[in-house]
Every structure is written in structure tokens, then in C-alpha cells.
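Below is one structure, written out as C-alpha cells; the observations come after it.
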Amino acid sequence: MLRQLSTAPRTTLSSRRIIPTASAALSTLAQTHATSLSSWPGTSFTGKKIKNYIGGTFTESKAEKWIDVHDPSTQTLLSRVPETTESEFEDAVGAAKEAYEGWRKTSVLTRQRFAMELQKQIRENADALAASIVLEQGKTLGVPDAHGDVLRGLQVVETACGIASNLMGEKIEVSRDMDTETRRLPLGVCASIAPFNFPAMIPLWTIPLATVTGNTLVLKPSERDPGAAMMIAELCSRAGLPPGVLNIVHGTVPTVNRICDHADIKAISFVGGDKAGKHIYERGRKTGKRVQANLGAKNHAVIMPDANKNLALNSLVGAAFGAAGQRCMALSVAIFVGDSRSWIPELVERAKGLKVNGGFEKGTDVGPLISPAAKARVIDLISSVHSEGGTIHLDGRNFSLGAESPYRDGYFVGPTILEATTKMRAYQEEIFGPALLVISSPTLDDALEIINSNRYGNGTAIFTQSGATARKFENTVNVGQVGINVPIPVPLPMFSWSGNKDSFLGDVSFYGKNGINFYTQNKTITSLWKAEDAIGNKASVDMPTMR
């Protein structure tokens, strides 16, 4: 068993690497938001216990082990998450299994109305959801970050409102008086394992599509920031979702393994890091489950000499350092082709201009990392560049907000720009922090070779004003999601996620048409209603020829 498996992506070093200092109190802004969220059932932002959500009821766990959730800006204790017991887990799966028998028989219009009402509830409560994300995850409050997390999940809910059209089957008369039709039917009880870096968006990748297609769901949010998922459960209830259709359990390795092993769970959706994702995929597949797993990434941007300089530099800074670099689609490598290398000093100056602070503070660009272990790992990888002969153009390792700041104990790393080679550890591993590697390349072909040789294939981008150059890039690069002058080319949910190579395990990816395919199975029915049977009285013994 993987002793350090975590459903939160890309934090693998022990928290012993950094010893937390005495916890600061929540900032005044954070305290205001925490108090305003205290009325939400099932969750807590004031040091209390998080509940499970089983059969439509928020229930306190009888767990012996509890996991502390801290505000990463101050280290203040926000809540305690249970390591859900085996009995409680069985109750959740049992509630989902029982609810499935009724939910799958509801009309598609009933399920569609749920999605429509859910999107209304999310819109009305977007501020509360975003505030919970800032408190637990550390993102900045604005639209590009915490509110963006909610918005991108909401877009999947809105797309799910079209399920009445998207769930249509096919029918044809294959022979005289004989029809064959295909129907899309639900799988049964499904499970979703979400990461820490998108505590609203990833649950909303799965909840709408799983439920509108007629399935029931057991969701395990990250143990580091479960608040948004618990709030979404309440919103689902307000939107009319029957008890048991959505259930939420908490925990770490034991809960994950129960999801992988349980015979009544038919499919698992996972987003997170390599180690956890490979474990879940292999263990889940052994028990016959359908599994989709989005894993790590190393996303490259190519900057051509003819690019719009202002657009390219601003895009690099935003895509590399937004969300403190804790995105699987963050740009983590910039390949400057030819004379564009001369732009690196200006890139450094723009990165220096970013404001690092608590997520509720006005004008903040970069918030904290999720944990002391995450900070330790990022600092270690930055340091490795120097020890391996690379250059640190901008060093955020010793960033401090000062002893008087309420965020003095937060897990902050400042924007960092490193010049490295593809042989260095910082290139080979996913940093998952506010650190951008820059590499020089003489030609576009050399840049393409670097990207195509990398084992990951989540996203890539090119900045150029040449249509021919862009065309060559998009046709030659072996990465699933490509941006042309677009730094983070995540497709909207009418399309489907298309990361490839070692960034994805499974046959069917997330949301869009693929999402519907993942949560459904085909049933084919062939029927014969012979017209002459209405009046005929003699049986036929001829060999059927299907003519």
C-alpha cells in the first residue's frame, strides 16, 4: 500500500522539512468571511469538525483519526476532517446504491431540471464558495483565481443542462419490420476523488454529469480543503437532488482504497498527482472499474521572435504564477526561440511586480502554497537548479511579508524564474509552485523536440504572429491541448479534456461528450413486429436472412 498516498496533487515531501511556527490568528478579512460561512451545514471554518454527507444528511463521524485543516496564509486551524470509518463508508455506498434504483428511473427532464436549479444555486452562492476556497486553499479572491475555480465548475453544470439532447440514442429499421436501437444508460454507483487545487471545479466536473446521466455518486474531496464540496452538497439538496444520489466521505489512503475495492462502485474519476493517480487507476481497474485519471504535467510555452512581446510576457507571468503555480495547466517552462531570449530580463521585471499576500487582500496576485510540505518541496527544487549549475534570475525562496503581517506564518514562496536545462531535476519533476523555468532554443524545430520528448502531455502554447508557424506547431507538437497565443488552453465543457501521454490514464476523459460517455453504457435492443403477424395464422420455418 502507498503509505504517503494523498488525493491532493504533487505534495510528496514530509512536513518535517519546515517546522511550523506558532499559528497566527486569522486576518481580520479572513475572520469576517469565516464567521459569515459558519451557517453552512456540514462544514466549518472556525475550528470545528467537518461532517460526512450520507443519504442526504450531514452526519458527524465516529472516526478515531482526524486531520487538521489550516488556513495556508496564517496556519490557523479552520476545521478537522475525519478519516471516515469503514462502517460510515459502507453506509455512504449503501445510500448511493439504494438511491440509484429510484434515480435511474426518473425522466431525463427531471434530472435536467436539477442541473438547471443547481446552476442557479451556484450563481447565487458564488461569493460564499469563493470565500471558502480562499480560506482553505489560499487562492486569491478574484475572478481569475477563487471565483474562477467556481466559474469553471459552473460552466460544466450549465453544459449538463443540455442532457435531454445529449443523451439521445439511435434507431434504425435494419430489416423489414425489424428495428435496432441504442440507448445510453447509467452505470450505477460512481465515485469521484478530488484534489486540493480546485476544490469547487473538480467536484463540479463530476457531480452534474454523473447525476444527470442517472448515476449516483460518492465524492471524496481533498482532506486539505473540503469546505467547498460540503457547500456544494447543500446546494445540490436545495436544487432538489434526492437523498443518497450524492454522498460525501472524507479521509486519505484507507478511504481511497475502499473506493477502489468496493464491488458496488462501477467507475472512478480522479484528478491529482502521479503517485496517487497510478495507484487508483491500477487498483480500480483490478476490480473491473472504469477509471479516468488526470495526472501530472510539465506545460511548455514557445515564444517566437515575431510574437507580440507584451502579450507573450504578460501571458507567461499570469499563467506561471497565478494560483501560486498550483495548476496542472500552469505554464512551467518557457522556451525562448532565437532573438526572443533578449526578453528574459523584462520577464523578470514583470514577475517582480506581482504582489504576494493573503488571498483576501486587495490587489494580491499570488497567494500561499497549500502546506509546509508543498513549500519545502518547491524550495528544494529551486535550490537544485543552483546546485546543478543553472541560474536563478528571480529567487522567491526567502520571501517574507514581515513580522508585523498577519500572514507572517503563511506558506509563501515568491515568484521565481530559473534558467535550466532539460537534464536538471527541476525540469524533470513537476514543481507545482510559483516557479518558471526558461530555456533557450535556436529554432522552432529544436523547441518542438524538447516538448515532444517530455513525458507529459497536458498543455502547451506558442506565441507568434505567423499563421504558418502556428500551423506547423499545432500539427507537430505531441500534446493534447494546444494554445495559439493562449497560455492556458483548457477547453470549455462543450468540448472534452484532452491531455495525453503520461498526463492521463484511461480511455475516456473528462466532461463534454467524453464525460457523458464515461458515465453511461450502451444497451442495444433489436425488436421485430411483423406486420403480417397481425392477421397471419401460419408459422414460418424459413432461415431468417435479415433482408
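When reading the values below, keep in mind they use all heavy atoms of this one structure, side chains included, and skip hydrogens, waters and symmetry mates.
The backbone N or O of W497 lies less than 3.5 Å from a partner atom in the side chain of S509, making a donor-acceptor pair. Checked by atom type and distance alone, the side chain of E88 pairs as donor or acceptor with a backbone atom of K62 at under 3.5 Å. Panel note: side chain N478, backbone N452; no donor-acceptor pair is recorded below 3.5 Å. With hydrogens and angles disregarded, a donor-acceptor distance shorter than 3.5 Å links the side chain of N247 to the backbone of G244. Side chain of W103 to main chain of T211: a donor-acceptor pair is present (N/O by atom type, distance under 3.5 Å, no hydrogens or angles). Without hydrogens or angle criteria, Q292 side chain to L505 main chain gives no donor-acceptor distance under 3.5 Å. At distances below 3.5 Å, at least one donor-acceptor pair connects side-chain atoms of S503 with backbone N or O atoms of G296. Looking only at distances, a side-chain donor or acceptor of R290 sits under 3.5 Å from a matching main-chain atom of T520. The backbone N or O of G459 sits less than 3.5 Å from a side-chain atom of N299, completing a donor-acceptor pair. Using a distance-only test at 3.5 Å, with no hydrogens or angles considered, a donor-acceptor pair links the side chain of N215 to the main chain of A210.
Remark: H250 engages no residue in a ring pair (Phe, Tyr, Trp, His ring centres under 6.0 Å) (not counting sequence neighbours). By the side chain to side chain contact (heavy atoms under 4.5 Å, CB included) test, S192 pairs with T206, L217, L219, sequence neighbours left out. A319 meets the side chain to side chain contact (heavy atoms under 4.5 Å, CB included) test with L331, P487, I488; sequence neighbours excluded. The side chain to side chain contact (heavy atoms under 4.5 Å, CB included) search around L204 returns I122, V157, I232, not counting sequence neighbours. Taking Y511 as the reference, W205 meet the ring pair (Phe, Tyr, Trp, His ring centres under 6.0 Å) condition, with sequence neighbours excluded. Legend: residues meeting side chain to side chain contact (heavy atoms under 4.5 Å, CB included) with E388, ordered by chain and number and at least two apart, are S384, M424, R425. For R285, the salt bridge (charged side-chain N to carboxylate O under 4.0 Å, His left out) criterion is met by no residue, not counting sequence neighbours. The ring pair (Phe, Tyr, Trp, His ring centres under 6.0 Å) search around Y281 returns none, not counting sequence neighbours. A search for salt bridge (charged side-chain N to carboxylate O under 4.0 Å, His left out) contacts involving D145 returns nothing, not counting sequence neighbours. Partners of Y100 by ring pair (Phe, Tyr, Trp, His ring centres under 6.0 Å), not counting sequence neighbours: none found.
The heavy-atom pair separating G512 from L209 by the smallest distance is N-CD1, 4.3 Å. Annotation for F321 and I417: closest pair CZ-CG1, 4.0 Å, computed over non-hydrogen atoms. Heavy atoms only, all atoms of each residue included: A324 and P368 are closest at CB-O, 3.9 Å. Listed here is the closest heavy atom pair of P208 and A160: CB-CB, 3.9 Å. Across all their heavy atoms, E430 and K298 have their closest contact at CA-NZ, 4.1 Å. Shown here for I431 and V378, the closest heavy-atom pair between the two residues is O-CG2, 3.6 Å.
Neither side chain, R184 nor T213, offers a donor N or O lying under 3.5 Å from an acceptor on the other. In this model, no donor atom of one side chain and acceptor atom of the other lie less than 3.5 Å apart for T421 and K423.
Seen from the ring of F270, K220 does not count as a face-on cation partner, given the 6.0 Å and 45° thresholds.
Within the 4.5 Å cutoff, the side chain of E83 has heavy atoms near those of the I67 side chain. Contact of the I370 side chain with the Y411 side chain is not registered, since no non-hydrogen atoms from C-beta on lie closer than 4.5 Å. Under the 4.5 Å side-chain criterion, counting only non-hydrogen atoms from C-beta, P489 is not in contact with V482. With contacts defined as side-chain heavy-atom distances shorter than 4.5 Å, the pair T59/D91 does not qualify. Side-chain contact between W66 and S61 is present, with heavy atoms from C-beta onward closer than 4.5 Å. In this structure the side chain of N454 never reaches within 4.5 angstrom of the side chain of V333, judged on heavy atoms. Side-chain contact between C236 and F114: present, with at least one pair of heavy atoms (C-beta onward) separated by less than 4.5 Å. N294 is listed as a side-chain neighbour of C328, based on a closest heavy-atom distance under 4.5 Å.
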> Yes or no on side-chain contact (heavy atoms from CB on, under 4.5 Å) for N458 and M329, after CA distance, side-chain angles and deciding distance?
Replying inline: CA-CA 7 Å; N458 239 6; M329 284 295 292; 4.0 Å; yes
>> For V93 and R258: C-alpha separation, side-chain torsions, deciding distance, then whether side-chain contact (heavy atoms from CB on, under 4.5 Å) applies.
In response: CA-CA 10 Å; V93 177; R258 289 179 187 125; over 6 Å; no
> Run the side-chain contact (heavy atoms from CB on, under 4.5 Å) check on S332 and Y427 step by step: do they pass?
Replying inline: CA-CA 9 Å; S332 53; Y427 177 83; over 6 Å; no
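With rounding to the nearest 0.5 angstrom, the CD atom of E136 is 4.5 Å from the CZ atom of F45. Summarising the geometry, atom OG1 belonging to T287 is positioned 11.5 Å from atom CD1 belonging to I259; distances are rounded to the nearest 0.5 Å. Taking SG of C190 as the start and CD1 of I268 as the end, the distance is 10.0 Å to the nearest 0.5 Å. Atom CD of Q428 and atom CG of L381 lie 11.5 Å apart (nearest 0.5 Å). In this structure, the separation between CZ on F504 and CZ on F510 is 5.5 Å, given to the nearest 0.5 Å. With rounding to the nearest 0.5 angstrom, the CG atom of N197 is 11.5 Å from the CG atom of L369.
Screening N500, D502, D274 against Y456 for a side-chain hydrogen bond (donor to acceptor under 3.5 Å, both in side chains) leaves a single residue, D274. Screening L437, I462, I439, T460 against H300 for a side-chain contact (heavy atoms from CB on, under 4.5 Å) leaves a single residue, T460.
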Return a table of donor-acceptor pairs under 3.5 angstrom between the side chains of residues 260-267 and protein atoms on other chains or two or more places apart.
from: D261; atom 1: OD1; to: R283; atom 2: NE; distance (Å): 2.9
from: D261; atom 1: OD2; to: R283; atom 2: NE; distance (Å): 3.3
from: D261; atom 1: OD2; to: R283; atom 2: NH2; distance (Å): 2.7
from: H262; atom 1: ND1; to: D264; atom 2: N; distance (Å): 3.1
from: H262; atom 1: NE2; to: E90; atom 2: OE1; distance (Å): 3.0
from: H262; atom 1: NE2; to: E90; atom 2: OE2; distance (Å): 3.4
from: D264; atom 1: OD1; to: K97; atom 2: NZ; distance (Å): 3.4
from: K266; atom 1: NZ; to: A263; atom 2: O; distance (Å): 3.3

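Crowding of Q521 atom CD: a count of heavy atoms from other residues, nucleotides or ligands under 6.0 Å exceeding 12.
A salt bridge (charged side-chain N to carboxylate O under 4.0 Å, His left out) check over residues 67-77, counting only residues at least two apart or in different chains, returns the pairs D68-R80.
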